[in-house]
Amino acid sequence: MAGNQLGKTLAGAMEAAIHATGIYPEWWDGHRFDRATVGWAAGVSGEATRDTVQRMLLGRPGDWGTGVLPASTILRTTSARGAAELVDIVTVQHVAGGHSQIAFKSFEKGRAKWQGETLDWVWFDEEPPFDVYSEGLTRTNASGGLVWMTFTPLLGLSKVVERFVMEDATVETEDRHVTRMTLDQAPHFSDQQKKRIRSSYAAHELDARTLGTPTIGSGRVFVVPRDDIAEQAMELPSHWPRICGLDIGWDHPTAAIWLAWDRDTDTVHVYDSYRVREQTPVVHAAALKARGDWIPVAWPTDALQHEKGSGKQIAEQYREQGVAMTAEPARFMDRSVSVEAGVLAMLDRMKTGRLKVAAHLSEWWEEFELYHRKDGQLVKERDDLLCATRYALMMLRFAIEPPERAQGVSIETNWVV
């Protein structure tokens with residue numbers, strides 16, 4: 001899931017080529033087929049498939065063998081109907097001795113054209129409709145094969161994208177992964193070219209086209225460039241006060257973040273995070289204390305609720321486990337608990353350079369990029385770490401410096417790692 005012209009189609013074509021030929025690089029630690037394979041490579045339309053997928057694999061019409069498939073492995077091609085010079089099937093020599101087949105497909109003819117076949121792999125170049133994606137996935141069920149997509153997420157939080165960044169995708173799985181490619185990572189563009197590319201895009205599609213971030217609903221909440229608030233890991237001065245923010249969950253994750261406050265510049269640094277679902281307060285408490293049992297923990301009003309089994313308040317269960325919960329739920333100094341006020345306070349700090357977040361906290365950055373409004377209302381999905389950040393900022397006045405006994409005792413306590 002990447003920006004434009006960053007090499008995503010080339011990456012997809014290379015994977016198709018190595019599975020078709022069996023010529024795996026020495027460094028390859030992904031799936032390997034030890035036999036010839038049958039795969040489908042697809043684009044949005046016949047013309048798009050010819051101009052991108054087919055060109056990357058074979059080369060331009062009349063010049064086969066100049067793509068990523070070595071010329072010596074291309075045994076024959078058959079022509080397709082409907083688009084000039086579009087190939088239907090290419091037969092490829094596999095190093096194990098058999099013949100692989102790659103068929104070129106498109107999304108435009110719909111799900112019906114994707115039924116029936118059993119495949120070893122499917123490559124979607126650009127994002128397919130969900131029914132086509134699902135059918136492609138089904139083609140690999142019997143073989144235990146692979147499906148990969150290379151696209152810029154201009155369709156926003158579509159059903160396909162949601163399977164990777166929302167719902168059950170928050171649970172770690174070996175069968176689902178997102179690789180991000182951004183303009184900043186592209187060595188084939190100079191800094192001057194990158195600046196020109198950024199300035200050429202409309203604001204509402206800038207992040208999708210340069211960062212591979214899905215365009216969101218009625219608009220992202222935090223319309224601040226990531227580079228403006230991201231910072232590298234650093235040593236935290238021992239005189240900076242610390243506070244933790246905790247968001248309570250079960251079906252959605254329980255999440256926590258840790259802040260260090262540079263009072264001289266009034267800059268808050270988010271240096272650590274934690275997000276786990278379907279675990280008890282005992283488990284979460286152990287994780288909180290491991291980062292420093294002296295750090296105050298700001299918590300939401302819903303932790304005043306009583307847990308059905310024990311009848312105890314959730315906040316009290318954390319206290320019993322030795323967590324330094326604040327005396328009251330997260331509130332502003334005027335005693336208000338407004339979500340909108342908290343979000344605006346976060347946005348104000350971001351825009352004025354007074355909120356910095358460690359670049360390695362990938363889960364925090366995922367939430368930051370997806371947090372959005374729909375019809376003017378905040379969408380309360382996948383915002384657990386952001387909520388925890390908001391609670392900690394609301395209670396920043398209760399942050400404390402590390403006590404003498406904690407000075408230098410552990411990297412986790414005194415460093416961003």
Side-chain angles (χ1 to χ4, degrees), residues 1-25 27-33 37-60 64-70 73-74 86-90 92 94 100-108 114 119-130 132-137 139-140 143 145-155 158 160-161 163-165 175-183 185-188 208-214:
M1 192 160 66
N4 288 121
Q5 297 294 303
L6 301 183
K8 58 187 183 295
T9 300
L10 175 60
M14 288 298 296
E15 178 147 2
I18 62 177
H19 292 318
T21 62
I23 305 173
Y24 291 96
W27 49 262
W28 182 262
D29 60 3
H31 187 84
R32 291 173 181 251
F33 292 97
T37 62
V38 178
W40 284 1
V44 175
S45 64
E47 291 81 1
T49 300
R50 177 196 64 200
D51 296 341
T52 55
V53 175
Q54 178 181 299
R55 175 175 61 84
M56 282 289 183
L57 284 169
L58 297 176
R60 296 189 184 278
W64 298 153
T66 58
V68 299
L69 280 170
T73 67
I74 301 173
L86 173 64
V87 171
D88 182 22
I89 296 175
V90 57
V92 179
H94 192 277
S100 294
Q101 287 192 337
I102 303 175
F104 295 97
K105 299 290 182 178
S106 67
F107 315 152
E108 63 182 352
W114 284 74
L119 302 171
D120 295 303
W121 57 264
V122 177
W123 168 32
F124 295 106
D125 188 54
E126 299 306 339
E127 182 183 349
F130 184 78
V132 173
Y133 166 76
S134 180
E135 200 63 48
L137 200 64
R139 298 305 104 223
T140 65
S143 66
L146 311 173
V147 176
W148 64 94
M149 295 178 285
T150 51
F151 67 98
T152 297
L154 293 172
L155 301 179
S158 64
V160 172
V161 171
R163 283 187 57 82
F164 291 86
V165 300
D175 295 328
R176 193 180 305 164
H177 171 74
V178 179
T179 295
R180 303 290 284 275
M181 298 165 63
T182 72
L183 180 61
Q185 296 171 319
H188 53 286
R209 292 193 181 276
T210 61
L211 302 177
T213 300

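Going from atom CG of L6 over to atom NE2 of H188 covers 5.5 Å, rounded to the nearest 0.5 Å. Separating the CG atom in L211 from the OG1 atom in T182 is a distance of 6.0 Å, to the nearest 0.5 Å. Distance check, rounded to the nearest 0.5 Å: CG of D51 to CZ of R60 gives 8.0 Å. Note that CH2 of W121 is 6.5 Å distant from OG1 of T37, once rounded to the nearest 0.5 Å. Rounding to the nearest 0.5 Å gives a distance of 11.0 Å between CD of Q185 and OG1 of T210. Atom-to-atom distance recorded for E15:CD and W148:CH2 is 4.5 Å, nearest 0.5 angstrom.
Here the side chains of T152 and K8 are in contact, with some heavy-atom distance below 4.5 Å. Looking at I23 and W28, their side chains never come closer than 4.5 Å, going by heavy atoms from C-beta outward. At a threshold of 4.5 Å between non-hydrogen side-chain atoms, the residues V161 and E127 count as touching. The shortest distance between side-chain heavy atoms of T213 and R180 falls below 4.5 Å. At a threshold of 4.5 Å between non-hydrogen side-chain atoms, the residues F124 and Y133 count as touching.
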Decide side-chain contact (heavy atoms from CB on, under 4.5 Å) for L183 and R209; before the verdict, give the C-alpha distance in whole Å, the side-chain angles of both, and the deciding distance to 0.1 Å.
CA-CA 8 Å; L183 180 61; R209 292 193 181 276; over 6 Å; no

Using the rule given for side-chain contact (heavy atoms from CB on, under 4.5 Å), can you reason through V122 versus K105, listing the C-alpha separation, both sets of side-chain angles and the distance that settles it, and then say yes or no?
CA-CA 10 Å; V122 177; K105 299 290 182 178; over 6 Å; no

Quick one: do M1 and F164 satisfy side-chain contact (heavy atoms from CB on, under 4.5 Å)? Show the steps, please.
CA-CA 10 Å; M1 192 160 66; F164 291 86; over 6 Å; no

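What you find for M56 and A13 is that their closest heavy atoms are CB-CB, 3.7 Å. Taking both residues in full, the closest heavy atoms of R50 and Q54 are given as O-CB, 3.5 Å, listed atom of the first, atom of the second, then distance. The shortest non-hydrogen separation linking A2 to P153 is O-CD, 3.9 Å. In this structure, F151 and M149 approach most closely via the heavy-atom pair CD2-CB, 3.9 Å. Considering all non-hydrogen atoms of both residues, E108 and S45 come closest at OE1-CB, 3.4 Å. Minimum heavy-atom separation, P25 to R32: O-NH2, 3.3 Å.
Within 6.0 Å of atom CD in Q5, 12 or fewer heavy atoms from other residues, nucleotides or ligands are found, so the atom counts as exposed in its surroundings.
A donor-acceptor distance shorter than 3.5 angstrom exists from the side chain of S143 to the backbone of L119, with no hydrogens or angles considered. In this structure, D120 contributes its side chain and V38 its backbone to a donor-acceptor pair below 3.5 Å.
Ring to ring, Y24 and H19 are close: their centroids are under 6.0 angstrom apart.
Among the candidates I74, L69, L58, I89, the single residue satisfying the side-chain contact (heavy atoms from CB on, under 4.5 Å) test with I102 is L69. With L57 as the fixed residue, the side-chain contact (heavy atoms from CB on, under 4.5 Å) test singles out one of T52, V68, V92, V87: V68.
Classification of the W114-F107 ring pair by plane angle, with boundaries at 30° and 60°, yields tilted.
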